[in-house]
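Below, chains carry the letters A, B, ... as their sequence lines are ordered, and counting in each starts from 1.
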Number of protein chains: 4
Amino acid sequence: MAKTKQRIIAEAIRILATSGYAQFSIGEVATALGVSKGVIHYHFPEKTSLLRAIVEDFYQRAAEYMGAHMRLDTSAAEVLRSYIETNLTFVAENRTAAVATTSIILNARDREGNPIFQDTSGDIYQPLIEIFTYGQQIDGSFRKFDRQLMATILRSAIDTAAQLVLHNSAAENAALLQEIVTTFDLATRRNSDE
Amino acid sequence: MAKTKQRIIAEAIRILATSGYAQFSIGEVATALGVSKGVIHYHFPEKTSLLRAIVEDFYQRAAEYMGAHMRLDTSAAEVLRSYIETNLTFVAENRTAAVATTSIILNARDREGNPIFQDTSGDIYQPLIEIFTYGQQIDGSFRKFDRQLMATILRSAIDTAAQLVLHNSAAENAALLQEIVTTFDLATRRNSDE
Amino acid sequence: MAKTKQRIIAEAIRILATSGYAQFSIGEVATALGVSKGVIHYHFPEKTSLLRAIVEDFYQRAAEYMGAHMRLDTSAAEVLRSYIETNLTFVAENRTAAVATTSIILNARDREGNPIFQDTSGDIYQPLIEIFTYGQQIDGSFRKFDRQLMATILRSAIDTAAQLVLHNSAAENAALLQEIVTTFDLATRRNSDE
Amino acid sequence: MAKTKQRIIAEAIRILATSGYAQFSIGEVATALGVSKGVIHYHFPEKTSLLRAIVEDFYQRAAEYMGAHMRLDTSAAEVLRSYIETNLTFVAENRTAAVATTSIILNARDREGNPIFQDTSGDIYQPLIEIFTYGQQIDGSFRKFDRQLMATILRSAIDTAAQLVLHNSAAENAALLQEIVTTFDLATRRNSDE
DNA sequence: AATGAATGAGGGTTCATTCAT
DNA sequence: GATGAATGAACCCTCATTCAT
């Protein structure tokens, strides 16, 4: 059974979200699980492996969730709205993992000081860019804007909302979600009189 | 002369922006400056003092810059535009300090794991909220929206832009600035036919 | 095997007795044992833990020795004599540990400057006070005197003797022991013509 | 004026008595006096010089006090009593200095780990030994005992009493004094029927 | 799979001491 | 006499990693 591996990941996420990246240590995970440090290294030979597992686990589950819940059979504006809603819902339901993943991505560096998990490929922005392209070029939902830039701004808003979501009630989160949806709807849609 | 103190702050900012918070160490600053570790502790008895000096220095200079350059004698929508422009200009001209400050705020914790520099008062959002209030209640520039929430989203967009700005040419940054201004102009302004 | 732990304690005692509390360092213990500093911290996470182990080890062995060797089935005066003899014999046979323990108790402080190992309960004086009480109230061996005070003076004499014992020959120590026994016999016993 | 020098000594004594030898630092003295560390080093080029000044100051004042207050024109037993009384009175009136001096003597070592201020000459014991010699050989006040040993025990009792005296009321100290006097009177005097 | 022991590098901090002003 | 700046060594402690069992 690879049960231990999952327990390690879960505990590491919890500690990362609680204590922050700089304070995060293998030893703390081991202690919290009541096992020896060696166990962690058995499953994750290097600290980076564990961090990578957390990040990949989060993105994989996010992708699965998006695939399962996002509405695609409609206008670009509606798809965008669904993207934001689904995204924020997932984050709200996976708050600690989201926080942990963010802190890893922002902080993890190799020995030379270069970010390890920063997305240089722009893969995260791909779905958004596709939606924008469709809305601008095919169904005319959207006005003209720099797609890469808008994708970046939107993602940062979503990620920031993830932090807020941590301390909010369910009702507050619903309001938050609506406000963000509206904001980016207004910011992107074609002006009626154009 | 308090020259060394300023050199320490400058070097610490450079290293923080380059290597990230978790890798940042007093020793690295000392080595980079060609002085002994003791010197750093002479000027900043604890690591936290140095971090605090960086953060406060940045915010003070930001406030001065804003005070000197922001236009206030016009409509709320224009003031908002000026706020974003001035803000991003300052960040663009102080990129490393901005990145360093952000990484400190996100990562610095005390021994119990609680964030040290996170703004709990909401002071950073105050100017934006005032602009929003004016635009919503006095001159009618803005539509109805949650001011606190919009302030949070806008600030996150600005801070994210700071990261982008680091790797951009001047021309790209100008475009970036315009796009953000337009986005939040659309997102906030009262619909013409309302 | 917990062999290393015992070797650390033994070496720490030797160094403490030789170099004194203020000069005592974890690093010196590690070097003397030919191991890395980390090993010490593995077995004793904080310096205080090591100091505590030394003190407790000494007191435990002292209590065992006293329990095994002290004569109790006789007059209070004889019991007192036996107490002093047994005590000094144990100290003579554990000279370095005695010196080390004393230096820890006198010098170890917490961050606020308060002594850590100083006995505030007065437990060390309890056996002596019981002997004195018996001799004063039951079998009449002793004259009237302040029991707590006499116990304190006697203990200080014994502890001081421990220091002397370090540099003496066996013969000298035997004489020393006899002199102390006689001194406190005279100081405590009931005057014949009373 | 050498006023500063005296202020440094006084403050150092206070800190030593409060915080203990191991925690004692030049910097703390400077801070407490509101001067720079350099000042201390101007007056006492090495830390050891300051410690030496404290010890010598104490012993000199003690010698002066003893010379001024001790009764010498009587039997050895009476002189001994006077010695103890005068000694303890001085200590009671100079508690912090006594504690500071003791901690210096017990702890200060040179770089090789050898005690710096430990009295190897036995000078401290000289007055007592003279009293004992007189009482044993001239006026017959005292029984036979090892003079050096008795001097050592008596001094340790007096030094221990100094610690007690720190936390006592005046009345308690008077009782303490009487008890010690009586104890050593009984321990040393010739048995009436010998 | 898991443990316990050990390593070794590095980090923050303290502190006596030096020295130019 | 006094200050402030700087040094450099030592110290306690943390931690990722290795390895025999």
Distance, rounded to the nearest Å, where [X] contributes [atom1] and [N] contributes [atom2]:
X         : N       : atom1 : atom2 : result
Ile8(C)   : dA5(E)  : CD1   : P     : 10 Å
Ile40(D)  : dT18(E) : CD1   : P     : 15 Å
His41(C)  : dA5(E)  : NE2   : P     : 17 Å
Lys47(B)  : dT14(E) : NZ    : C1'   : 17 Å
Glu46(B)  : dC12(F) : CD    : P     : 20 Å
Phe44(A)  : dT18(F) : CZ    : P     : 16 Å
Lys5(B)   : dA6(F)  : NZ    : C1'   : 15 Å
Arg111(C) : dT14(E) : CZ    : C1'   : 12 Å

Heavy-atom side-chain proximity of [X] to [Y] below 4.5 angstrom:
X        : Y        : answer
Leu16(A) : Val99(A) : no
Ile9(D)  : Phe44(D) : yes
Phe24(B) : Lys47(B) : yes
Ile8(D)  : His43(D) : yes
Thr4(D)  : Val39(D) : yes

- Task: With rounding to the nearest 0.5 Å, note down the distance linking CD in Glu64(C) to CD in Gln60(C).
- Result: 5.0 Å
Can you see if the side chain of [X] gets near the phosphate of [N] - specifically, an N or O under 4.0 Å from OP1 or OP2?
X        : N      : answer
Tyr42(B) : dA5(F) : yes
His43(C) : dA6(E) : yes
Thr4(D)  : dG1(F) : no

- Distance only, no hydrogens: is a donor on one side chain within 3.5 Å (strictly under) of an acceptor on the other, for Arg61(A) and Asn94(A)? yes
- In the structure shown, which nucleotide is the Watson-Crick or G-U wobble counterpart of dA1(E), with both distances under 3.5 Å? none
- If we call it a pair only when both distances are under 3.5 Å in a Watson-Crick or G-U wobble match, what pairs with dA6(E)? dT17(F)
- Query: Heavy atom of residues 13-30 of chain A under 4.0 Å from DNA chain E: which residues?
  - Reply: none
- Item | Donor-acceptor pair under 3.5 Å, Lys37(B) side chain vs dG11(E) base | no
- Of Gly38(C) and Gly38(B), whose closest DNA chain E nucleotide lies nearer the 5' terminus? Gly38(C)
